[in-house]
2 protein chains.
Amino acid sequence: MQRVTIADVARRAGVSTATVSRALSGGRKVSDEVSERVHRVARELGYAVNPIARALRVSRTDTVGMVVPSIRNPFFTALVESVEHALGAEGKELLLCDAQSDPRVEASRLEALVTRNVDGIIVSPCHGTDSAPAVQRTADRLPLVQLDRFVGGTSTDWVGVDDLAAMRAVLDHVHAGGARSAAYLGARLTNSSSELRHTGFHRRAEELGLTVDPQWIQLGEYSVDWGERAVATLLEQGELPDALVCADDLIALGATRACRMHGVPVPERTQITGFDNIEFTRLAEPPLTTVAQPTDRIAAEAVRLLGDAANGTDTPRDAAHVALVPKLVVRSSTRGN
Amino acid sequence: MQRVTIADVARRAGVSTATVSRALSGGRKVSDEVSERVHRVARELGYAVNPIARALRVSRTDTVGMVVPSIRNPFFTALVESVEHALGAEGKELLLCDAQSDPRVEASRLEALVTRNVDGIIVSPCHGTDSAPAVQRTADRLPLVQLDRFVGGTSTDWVGVDDLAAMRAVLDHVHAGGARSAAYLGARLTNSSSELRHTGFHRRAEELGLTVDPQWIQLGEYSVDWGERAVATLLEQGELPDALVCADDLIALGATRACRMHGVPVPERTQITGFDNIEFTRLAEPPLTTVAQPTDRIAAEAVRLLGDAANGTDTPRDAAHVALVPKLVVRSSTRGN
DNA sequence: ATGAAAGCGCTAACAC
DNA sequence: GTGTTAGCGCTTTCAT
């Protein structure tokens, strides 16, 4: 398949290739008449710019790379979808990579993206410390924004939600629903959101005077299985607290299931909350109260930051930390309000 | 950031750029001694090939484009993940596009991928007829394989599961579980899998002598909401049949929920089956019997076909249709076996 | 086995 | 306002 090049158009329109280039993409330095002729000829010939050649020339690919810990996690899927849409609105493409929750895979994917001359990278690092070197090294070479989570010791843009505020809202809600004691079912503190949610839980629980038995702090991983096991452990230890505050929806889904299997009525005996508002929280029995992350806004901000960094002066401006305010979605797994 | 080019390596190694290129990637026409020196220098300088420049030269990008109807649907997410992994194993990258279930968006994304010189395209067309022109036009210009669904009137490679065999397995199973009548909750017949599953249902139901009231055939869309509404409609019409065979898991999840809300015991009063084996079928109450699609195999086959088409002689070989055998996953929403 | 040189398609100086 | 030309970084003849 022979592709139509700019030279073909130039020949047919009786102008130089430079004029064609200017007429089709460049600044306004072409007479209306010529411009119109060029456009017409281009259309007739079915000309389309060759992005590879353009990229080689201007070193810009109109492509953004994204690396997520696991595309399997519905929250990241939602994030990917939002980013894809935000990018599409700007005529940019998305190069998607799955880190398989492994910092080494993540590092190699980041390297591949740099090599490919993407214009910027959006990454949700899988580990708070192990991911740091690769993220920093990448950020030194390209515009990069971290999404949702961020690694320690780096200074890149970040956009996500205010985890502390979210936990405050969650605890206030279950407290209003009558809870006087609470457990926290979370993930090991290997990344920023895990830490912040954990911190936020303790801080607000103390302020509200909730009872928090150290045994009720269960840190594992973001999975349904872990949620189930955590509840089983709690039950073996004795009475359940009035609320099970979970660090994400997967854990909450698991906890809900465990309660149902052990005959613990939710929310009568204990309230359960999740985090992320993934689609299937609606379908749980009972439907889950959770924290909605504004993925579209997060994605839009990230894309905007990437653009700023690319167009900005080369003077490295301060890193932006954009914390959006999450919204509590109240369903029937809690009694508040 | 100055990138190291092949010229830098050549200079430092005291050879020509051609030799560097040959030593690093080309055929074996370099003496061991020189080759070794080049490799060493390249490593020292941190040289990495510029894929843009190479692509311009060889018109191959080592990038595959993928277009899915909706990345929100967990089944397609699983497919994307599988494709991403299969590609990663070959050092290829994935350019992901979401068609937003709109054939026009789909067409524009396909066009964008062609323009970007991807080496091949993997597409699960959103519509059986409306998607056809764009898919065909794309396939005329690039290696293309359709996944899961295929559009009518085209002759491109396709890989998916044997929908008829799947439906046979499903019906045999609920029949073994005592069902003597069955409903089909599906999607409007706008794409191939919808049609085939529908056909497969009717064909086997007849062979088994199952009662199928025309009112029990409910065609809507692949969503939880539709599953709920379909069951509501069935209930308004009268007694439920012994089995509710659903065209995908989302519908089945909705149906299960509706049954729970209306106090219909599953599987005692009616059995329910899904299709795809998305992760959340495990979490339903009761956990759903469904058909597992071998997404990893599907993806591997697709990537292989793409490679064949790219390397193959230019003689257009016959289109390959690879139908993999799906597996029935029995859980507690049915009584068979 | 190695080097010189052409050129993939495009854009940005630089002339006029 | 428009044309000429150099060159982005690489691979690949064609010589040697």
Side-chain angles (χ1 to χ4, degrees), chain A residues 1-39 41-42 45-63 91 112 114-119 141 310, chain B residues 1-39 41-42 45-63 91 112 114-119 141 310:
Chain A
M1 51 157 287
Q2 289 297 42
R3 268 183 59 150
V4 183
T5 76
I6 209 171
D8 299 323
V9 178
R11 207 173 308 118
R12 261 283 272 271
V15 295
S16 73
T17 58
T19 300
V20 174
S21 172
R22 282 193 281 253
L24 295 177
S25 50
R28 288 272 62 78
K29 289 173 165 322
V30 184
S31 73
D32 286 358
E33 184 213 324
V34 172
S35 172
E36 197 191 338
R37 187 160 79 245
V38 168
H39 275 98
V41 171
L45 264 39
Y47 170 78
V49 67
N50 180 335
I52 308 288
R54 188 215 285 276
L56 180 59
R57 185 58 236 238
V58 304
S59 37
R60 190 168 44 72
T61 51
D62 289 328
T63 302
V114 171
T115 294
R116 286 201 168 230
N117 274 355
V118 293
D119 295 341
R141 298 187 284 172
Chain B
M1 51 157 286
Q2 290 297 41
R3 269 183 59 152
V4 182
T5 76
I6 208 171
D8 299 323
V9 179
R11 206 171 310 119
R12 261 282 272 267
V15 296
S16 74
T17 59
T19 302
V20 175
S21 172
R22 281 193 280 254
L24 261 27
S25 48
R28 290 273 63 83
K29 287 176 166 324
V30 182
S31 72
D32 286 357
E33 183 212 325
V34 172
S35 172
E36 197 191 339
R37 188 163 78 244
V38 168
H39 275 98
V41 171
L45 264 38
Y47 170 79
V49 68
N50 180 335
I52 307 288
R54 165 184 279 164
L56 180 60
R57 186 58 236 243
V58 304
S59 40
R60 191 168 44 71
T61 51
D62 289 329
T63 302
V114 171
T115 294
R116 286 202 167 231
N117 274 358
V118 292
D119 296 342
R141 300 188 283 172

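Atom set for the values below is all heavy atoms of this structure, side chains included, hydrogens, waters and symmetry mates excluded. In the text below, chain A, chain B and the rest are named by the order of the sequence lines, each starting its count at 1. In this text the structure is predicted, and so the values were computed from the model without any measurement.
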Whole angstrom is fine here: how far is it from [atom1] in [X] over to [atom2] in [N]?
X      : N      : atom1 : atom2 : result
B/I52  : D/dG9  : CD1   : P     : 12 Å
B/R60  : D/dT12 : CZ    : C1'   : 14 Å
B/L56  : C/dA6  : CG    : P     : 17 Å
A/N117 : D/dC8  : CG    : P     : 14 Å
A/L24  : D/dT2  : CG    : P     : 13 Å
A/R37  : D/dG1  : CZ    : C1'   : 13 Å
A/R54  : C/dC8  : CZ    : P     : 19 Å
A/N50  : D/dC10 : CG    : C1'   : 14 Å

Stepwise side-chain hydrogen bond (donor to acceptor under 3.5 Å, both in side chains) check, A/N117 with B/R3:
CA-CA 11 Å; A/N117 274 355; B/R3 269 183 59 152; 3.1 Å; yes

State whether the side chain of [X] and the backbone N or O of [Y] hold a donor-acceptor pair below 3.5 Å, judged by distance alone.
X      : Y     : answer
A/S35  : A/S31 : no
A/D119 : A/R60 : no
B/T19  : B/V15 : no
B/T63  : B/T61 : yes
A/R37  : A/A13 : yes

Of the nucleotides D/dG1, C/dC10, C/dA12, which one has an atom closest to the side chain of A/S31?
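From the listed options, D/dG1 comes nearest.
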
Any idea which heavy atoms bring B/A53 and A/L56 closest together, and the distance?
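Scanning both residues, the minimum pair turns out to be CB-CD1, 3.8 Å.
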
Using a 4.0 Å heavy-atom cut-off across all strands, classify B/S21 as base, sugar-phosphate, or nothing.
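Counting heavy atoms under 4.0 Å across all strands, the contact made by B/S21 includes a base.
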
Does some side-chain heavy atom of A/Y47 sit less than 4.5 Å from a side-chain heavy atom of A/D8?
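No, too far: nothing below the 4.5 Å cut-off.
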
Give the angle between the helix axes at the two ends of the helix from C/dA1-D/dT16 to C/dC16-D/dG1, taking five base pairs at each end and rounding to 10°.
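Overall, the helix from C/dA1-D/dT16 to C/dC16-D/dG1 bends by 40° from one end axis to the other.
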
Would B/V20 and B/R12 satisfy side-chain contact (heavy atoms from CB on, under 4.5 Å), going step by step from the backbone distance to the final call?
CA-CA 11 Å; B/V20 175; B/R12 261 282 272 267; over 6 Å; no

Give every pair of a protein N or O atom and an N or O atom of nucleotides 3-7 of chain D that lie under 3.5 Å apart, one pair per line with the distance.
unit_1, atom_1, unit_2, atom_2, d
D/dG3, OP2, A/S16, N, 2.9
D/dG3, OP2, A/S16, OG, 3.1
D/dG3, OP2, A/T19, OG1, 2.5
D/dG3, N7, A/R22, NH2, 2.8
D/dG3, O6, A/R22, NH1, 3.2
D/dG3, O6, A/R22, NH2, 3.4
D/dG7, N2, A/R57, NH1, 3.0

